[in-house]
Amino acid sequence: MSLQQENRFQTIISHAKEYGFVFPSSEIYDGLSAVYDYGPYGSELKKNIRDYWWKSMTQMHENIVGIDAAIFMHPTTWKASGHVDNFSDPMIDNKDSKKRYRVDHLLEAHADKLREKGAEKEADDLLQTMDALLAKEDFPSLKKLIEDNKIVCNVSETNNWTDIRQFNLMFSTQIGSVAGEADTIYLRPETAQGIFVNFLNVQKTARLKIPFGIAQIGKAFRNEIVARQFIFRMREFEQMEMQFFIRPGTQKEWYEYWKEARLKWHLSLGIPQEKYRYHNHTKLAHYADAALDIEYEFPIGFKEVEGIHSRTDFDLSSHQKYSGKKLTYFDNEINQHYIPYVIETSIGLDRMFLLILSYAYNEEKWTKEDGKEDSRVVMRIPEKIAPIKLAVLPLVKKDGLPEVARDIIADCAPYFKCFYEEKDTIGKRYRRQDAIGTPFCVTVDHQTKEDGTVTIRHRDSMKQERINKTEIKDKLLNLLLF
Ligand code: GAP
């Protein structure tokens, strides 16, 4: 990461804290690594992203329904899903600092440094070799690759490395109150398995025919080792996943369909296409026959925000085997019983939140008509998901203006989130709303009392127009509809 990128990332993190978007968890005790809390504006923004995804899946598709499964699941679930045996990352420890690294992250960071020095080809070759060795799980050669490239620990600055070992990322705990009889269970590392084990319950009760999807939003937990990237990589996070059940043999076309549909969803928020790219996986997870990431250009570089996975019939077949319960579907169009294939779309809610913060944060400077310099920090959060949609600001605290402002809020608050403020100059109040991304500010002044008009100011253009106060609600509802 260049110094400029690092600075931008740190500025966004500070802004998120200062303006009530994201706080370190239990901060008064110095925080908990890779765990974060969402503040007043953060929780609104997060909810709006969640709703935007949920609506696009369940309301805009007749054949996709939602569920809300428990975080705790029968422990055999994770044996069947492969997570007990395979959900691990190759790690390496530095013997001097005792610091542990994920092998791919260590090599990727080195490739970034090579790129900064202009050695693009060397960086590409390094990552290609890494991918090939990871795919073969050839740990001795990966260690040699680290040593040959003279990669050092950034704490001890030595290359005194242990052998590479696998570490399971699932958190475990005990269920049951009788000591000695308690069973080990896991905090789910993905929400997908709650969908698979409910596949027939949902298909039957919602009377669904293939192809159909089941969507779910919920918490997932991973004991991430490299956890210094704010809400990019967390130990407790939220996923928005959809499993799309299809006829075997149709997986290629549905994979292409969801690859495009999901990118369109991102672009529908008004984020430019050039900020995104696809990254095809060369090392496939144990359940997949094809997989790609939708990557976004975060301040820390192009990184995964969402995964599209062709999961074959791996999960349902495995649950059928471990549970002894039949999980086949009868397709009456072709008169056949089969275990459906699955295309999965999986996006991290917190990572999407970081994407929005990264896209939205802008520092602007300009020269005013009187020749003086002016500046602002503005969060260009897509209007539909902005935490506050409308701020209503009486010009002064007297002459009946606050009462008119309160009436406007009473009219609009049942439809979208409003904010009232009467302290400080209008200019200062506009800046505060810019900093939290409020797309519209309405100012009530003395003219409002005469002719019922108000000034509406648009966050992005800073343009102002006068409209009748009775038009505000419908104007915003039209702009905010999703
Ligand atoms: N069910 C498939 C699955 O979980 P994944 O690629 O491991 O696939 C999907 O995760 C998405 O979940 C990622 O694209 C990312 O947005 C999010 N995610 C994964 N691990 C995360 C973490 N530690 N912190 C925040 N988000 C994470």
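Hydrogens, waters and symmetry mates are skipped; everything else that's a heavy atom, side chains included, is used. Start at 1 and go down the list; that is how both ligands and their atoms are numbered. We're numbering straight along the sequence, starting at 1.
- For Arg188 and Phe72, the positive end is not near the middle of the six-membered ring at less than 6.0 Å and at most 45° from its axis.
- Counting only heavy atoms from C-beta outward, the side chains of Ile67 and Val202 approach each other to under 4.5 Å.
- With sequence neighbours excluded, the residues satisfying salt bridge (Lys or Arg N to Asp or Glu O under 4.0 Å) with Lys275 are Glu297.
- Taking CD of Gln239 as the start and CH2 of Trp53 as the end, the distance is 10.0 Å to the nearest 0.5 Å.
- The aromatic rings of His61 and Trp258 sit tilted relative to each other, their planes meeting at an angle between 30° and 60°.
- For the pair Arg102 and Phe167, the NZ or CZ position fails the cation-pi test of under 6.0 Å to the six-membered ring centre and within 45 degrees of the ring normal.
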Check: every ligand 1 N/O to protein N/O pair under 3.5 Å:
from, atom 1, to, atom 2, distance (Å)
ligand 1, 1 (N), Glu190, OE1, 2.6
ligand 1, 1 (N), Glu241, OE2, 2.5
ligand 1, 1 (N), Arg311, NH1, 3.4
ligand 1, 1 (N), Glu344, OE1, 3.3
ligand 1, 1 (N), Glu344, OE2, 2.8
ligand 1, 4 (O), Arg222, NH2, 2.9
ligand 1, 4 (O), Gln239, NE2, 3.0
ligand 1, 6 (O), Glu304, OE2, 3.2
ligand 1, 7 (O), Arg222, NH1, 2.8
ligand 1, 7 (O), Arg222, NH2, 3.1
ligand 1, 10 (O), Gln239, NE2, 3.4
ligand 1, 12 (O), Gln239, NE2, 3.3
ligand 1, 14 (O), Glu304, OE2, 2.5
ligand 1, 14 (O), Val305, O, 3.4
ligand 1, 16 (O), Val305, O, 2.8
ligand 1, 16 (O), Gly348, N, 2.9
ligand 1, 20 (N), Arg222, NH1, 3.3
ligand 1, 23 (N), Glu224, OE2, 2.9
ligand 1, 23 (N), Met234, N, 3.3
ligand 1, 23 (N), Met234, O, 2.8
ligand 1, 24 (N), Met234, N, 2.8

